[in-house]
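Being a predicted model, the structure only gives us computed values, none of them experimental. Heavy-atom basis, side chains included; hydrogens, waters and symmetry copies ignored.
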There are 4 protein chains.
Amino acid sequence: MKSKKEIIVETATNLFAEYGFEKTSVAAICEAASVSKGLVYHHFSSKDEILIAIYEQSTQDMMNLSSNDSEKKANEKLSEIINAVFQQLEDNKLFFKLNLNIMFQPSTRKILETQIKERATQLFIVVKQIFNEIDKMNSDVLSYVFISEIDGIALSYLSSFEEYPLQEMKNQLLKKYKND
Amino acid sequence: MKSKKEIIVETATNLFAEYGFEKTSVAAICEAASVSKGLVYHHFSSKDEILIAIYEQSTQDMMNLSSNDSEKKANEKLSEIINAVFQQLEDNKLFFKLNLNIMFQPSTRKILETQIKERATQLFIVVKQIFNEIDKMNSDVLSYVFISEIDGIALSYLSSFEEYPLQEMKNQLLKKYKND
Amino acid sequence: MKSKKEIIVETATNLFAEYGFEKTSVAAICEAASVSKGLVYHHFSSKDEILIAIYEQSTQDMMNLSSNDSEKKANEKLSEIINAVFQQLEDNKLFFKLNLNIMFQPSTRKILETQIKERATQLFIVVKQIFNEIDKMNSDVLSYVFISEIDGIALSYLSSFEEYPLQEMKNQLLKKYKND
Amino acid sequence: MKSKKEIIVETATNLFAEYGFEKTSVAAICEAASVSKGLVYHHFSSKDEILIAIYEQSTQDMMNLSSNDSEKKANEKLSEIINAVFQQLEDNKLFFKLNLNIMFQPSTRKILETQIKERATQLFIVVKQIFNEIDKMNSDVLSYVFISEIDGIALSYLSSFEEYPLQEMKNQLLKKYKND
DNA sequence: CATGAATGAGGGTTCATTCAT
DNA sequence: TATGAATGAACCCTCATTCAT
């Protein structure tokens, strides 16, 4: 059974994702979680702290996604990443929006500066290790390009109000990295 | 000489870009612009209205950037767009952040829904017209890819806390689209 | 006619005196002054600021009490001070209590540290100048004693729940300093 | 070994003295005493009750100070009281401040009304008995004066931010009462 | 005797907006 | 145009106290 603390985090995640961090009041979280304000502040020292907990949790989840199966070839690993990201993108669209919201809201960006840097660094390392196997001399640029390509599609997809050809974009990417 | 109304818009733009829309109070705008609250509400019916004015203005500016010189070849036009965007990206980094902030803050996104759609549509049309000259059958996908690639680099660049190899990424793009 | 700001200060003074600074909520001040919270924060940047305004005002009033009639003899001046203080003590008992409350509440004492020091210094100077005329060698000690004697009676009077022989104490003091 | 209850009282005393009663939360006491909230409320029915325990304890301690050696002469007893009080004043400055804090904080004053009255009465009786030996007709006034003189010095000393000539003031008092 | 999750009222403060001047 | 006093709802957070374990 879920603890009240877990319920609070989960509820807050949903509300932050739907309305944005700034526009979600602690009171709203309490009501949605059927919990008193006192309890929220018993578990978290501030509203910011809830956000930090959510973000760190999601970083953890993200890292657990990338399998470290070193048996596989580089291009297989890239395909795997692409598949995993696009899967997540479809399944947790709202959650990805939250991440962008956090990243580009100056106030939240400041709150999470440390954690954002940490995640970006780790992500880059994972990708670069793969490209090292492919082309050690240019692994830096290749990594930047790879990450940008995924980010770009995500951005277009998440910012679009209308239907977005996500599958087609994914296939384009898969094709490009198939023979690396 | 600038009108008071222009001063208000300009001041608000800077503050929104630096602190985010939600975190910028009307009082702060008034103080920074050396103007009374009454005057702000004389010119704008609400804080939202200021944001709308800023966004529409910036869409206008953006559209004026893309020359409609139909004499040029498609690949030249693409290069031109790439150059223009990267130039802006460097010159007005804060302003681009504001656009992302607006786009992924659910509250502001809702306020500007109409304007965001409009801008996206216009942008897509401009790009697609170019790709129609290159490969009419696939102009849709090519346009999406092109926009995503630019968006992706912008996103990586704007979200990075550290040095980002913007020039190198730009060169990669230019190279890719040179011979189209 | 009194300005709203003056009404706020006056109301706050009364409530602080009756219930203490910490135990008087801004909401209570608003209600008693028939004024909105917004207005209080329009005129004062914080609750502390109200306290500071009150304290500084009272220091001003206090200083205006001591006439600077340099024609008079030293012992006459002392008598005058004694009379003035005891008069105030009777008339504004609650206000003197507020001063003691502020002085010995660590939180308020810290808020007003600067102002408390300033007042104490000014007070000491005024008294010492008088004792300089009487006995220049010992004017420091004599000043301390004089101030302590008045403080002591005030303290006893203000802390007493029962009838306190204020007149008799005053006469004792007047008698002591009559022939200086 | 100290009982948990004693630790709570001791910790609370220190915190009340340093931050004031109102500004010290039960949670702060618990943390400082390394004790749970439950335990505090097991030993005391409310926060007020802790304050009462502290105050009554200190009254007890105070009374134990004054020796009842009826052999001694009146002026010796007075000297003894003066010496004892000034000793305490130096040793437990913070604790005396707490007493003044309590006395002039309307809320705490009300909580401890009974105990404050009781202590004042007992103190007055002790002093008056001594002055009865000296001048029965005027023992009331003499007692008030004596208490006020001590209170006054204590007040000046405790309210001063700077060095205060406590020793000198003490000597003045001792000299005055030496030949009574 | 001992813990700490849980409550709910109330604290100080911010802020978009209105309106008389 | 231009000012700034004035409003009131909402915000984040604190805290004494209770209670199941």
Side-chain angles (χ1 to χ4, degrees), chain A residues 3-5 7-8 21-31 33-51, chain B residues 3-5 7-8 21-31 33-51, chain C residues 3-5 7-8 21-31 33-51, chain D residues 3-5 7-8 21-31 33-51:
Chain A
S3 72
K4 288 269 176 88
K5 187 173 178 178
I7 293 174
I8 292 169
F21 175 74
E22 315 283 5
K23 281 291 192 181
T24 302
S25 70
V26 175
I29 297 171
C30 293
E31 192 169 359
S34 301
V35 138
S36 70
K37 279 188 192 178
L39 189 61
V40 168
Y41 283 92
H42 177 71
H43 288 299
F44 302 92
S45 60
S46 69
K47 190 186 168 191
D48 287 6
E49 220 61 43
I50 304 177
L51 184 65
Chain B
S3 72
K4 288 269 176 90
K5 186 172 179 178
I7 294 174
I8 291 169
F21 175 73
E22 314 284 5
K23 281 289 193 181
T24 302
S25 67
V26 174
I29 298 170
C30 292
E31 192 173 0
S34 301
V35 137
S36 73
K37 284 187 188 176
L39 191 61
V40 168
Y41 280 90
H42 175 77
H43 288 299
F44 301 92
S45 63
S46 71
K47 191 186 166 190
D48 288 6
E49 220 60 45
I50 304 176
L51 184 66
Chain C
S3 72
K4 287 269 176 88
K5 187 173 179 178
I7 293 174
I8 291 169
F21 175 74
E22 314 283 6
K23 281 290 192 180
T24 302
S25 70
V26 174
I29 297 170
C30 293
E31 191 170 0
S34 300
V35 137
S36 70
K37 280 190 190 181
L39 188 60
V40 168
Y41 282 90
H42 177 72
H43 288 300
F44 301 93
S45 61
S46 71
K47 191 186 168 192
D48 287 6
E49 220 62 42
I50 305 177
L51 184 65
Chain D
S3 72
K4 287 270 177 87
K5 185 172 180 179
I7 293 174
I8 292 169
F21 174 74
E22 314 284 5
K23 283 287 193 181
T24 303
S25 68
V26 175
I29 297 170
C30 292
E31 190 174 2
S34 302
V35 137
S36 72
K37 283 187 187 173
L39 191 60
V40 167
Y41 281 88
H42 175 78
H43 287 299
F44 302 92
S45 62
S46 72
K47 191 186 166 190
D48 288 4
E49 220 62 43
I50 304 177
L51 184 65

If you assign each of Asp48(C) and His42(A) to its closest nucleotide in DNA chain E, which residue comes earlier from the 5' end?
His42(A)
Between Phe21(C) and Ser25(B), just flag the one whose closest nucleotide in DNA chain E comes earlier from the 5' side.
Phe21(C)
DNA chain F: Gly38(A) or Leu39(C), which has the more 5' nearest nucleotide?
Leu39(C)
Let me know, please, whether Lys23(A) or His43(B) comes out on the 5' side of the other along DNA chain F by nearest nucleotide.
His43(B)
Walk me through it: do Ile50(D) and Val40(D) pass the test side chain to side chain contact (heavy atoms under 4.5 Å, CB included)?
CA-CA 9 Å; Ile50(D) 304 177; Val40(D) 167; 4.0 Å; yes
Over how many whole Å does the gap from [X] atom [atom1] to [N] atom [atom2] extend?
{"X": "Ile8(D)", "N": "dC1(E)", "atom1": "CD1", "atom2": "C1'", "value": "11 Å"}
{"X": "Tyr41(B)", "N": "dT1(F)", "atom1": "OH", "atom2": "P", "value": "18 Å"}
{"X": "Glu31(A)", "N": "dC12(F)", "atom1": "CD", "atom2": "P", "value": "14 Å"}
{"X": "Lys5(B)", "N": "dT1(F)", "atom1": "NZ", "atom2": "P", "value": "9 Å"}
{"X": "Phe44(B)", "N": "dT1(F)", "atom1": "CZ", "atom2": "P", "value": "11 Å"}
{"X": "Ile29(D)", "N": "dC15(F)", "atom1": "CD1", "atom2": "P", "value": "11 Å"}
{"X": "Ile50(C)", "N": "dG11(E)", "atom1": "CD1", "atom2": "P", "value": "14 Å"}
{"X": "Leu51(C)", "N": "dT13(E)", "atom1": "CG", "atom2": "C1'", "value": "17 Å"}

Gap separating the NZ atom of Lys23(C) from the OG atom of Ser25(C), nearest 0.5 angstrom
10.5 Å
CD1 on Ile8(C) to OH on Tyr41(C), rounded to 0.5 Å:
11.0 Å
Quick one: which of dG8(E), dA16(F), dG4(E) gets closest to the side chain of Lys47(D)?
dA16(F)
Closest to the side chain of Val26(D), out of dT7(F), dC12(F), dA16(F), is dA16(F)
The Watson-Crick or G-U wobble partner of dG8(F), with both key distances under 3.5 Å, is dC15(E)
Under a 3.5 Å cut-off for both distances, is dT21(F) Watson-Crick or wobble paired, and to whom?
dA2(E)
Record whether the side chain of Lys37(D) comes under 3.5 Å of the base of dT18(F) through a donor-acceptor pair of N or O atoms.
no
With a 4.5 Å cut-off on side-chain heavy atoms, are Leu51(B) and Lys47(B) touching?
no
Name the nucleic acid region contacted by Ser34(A), choosing base, sugar-phosphate or nothing; use a 4.0 angstrom heavy-atom cut-off, strictly under.
nothing
Should we count CD of Glu49(D) as having more than 12 external heavy atoms under 6.0 Å?
yes
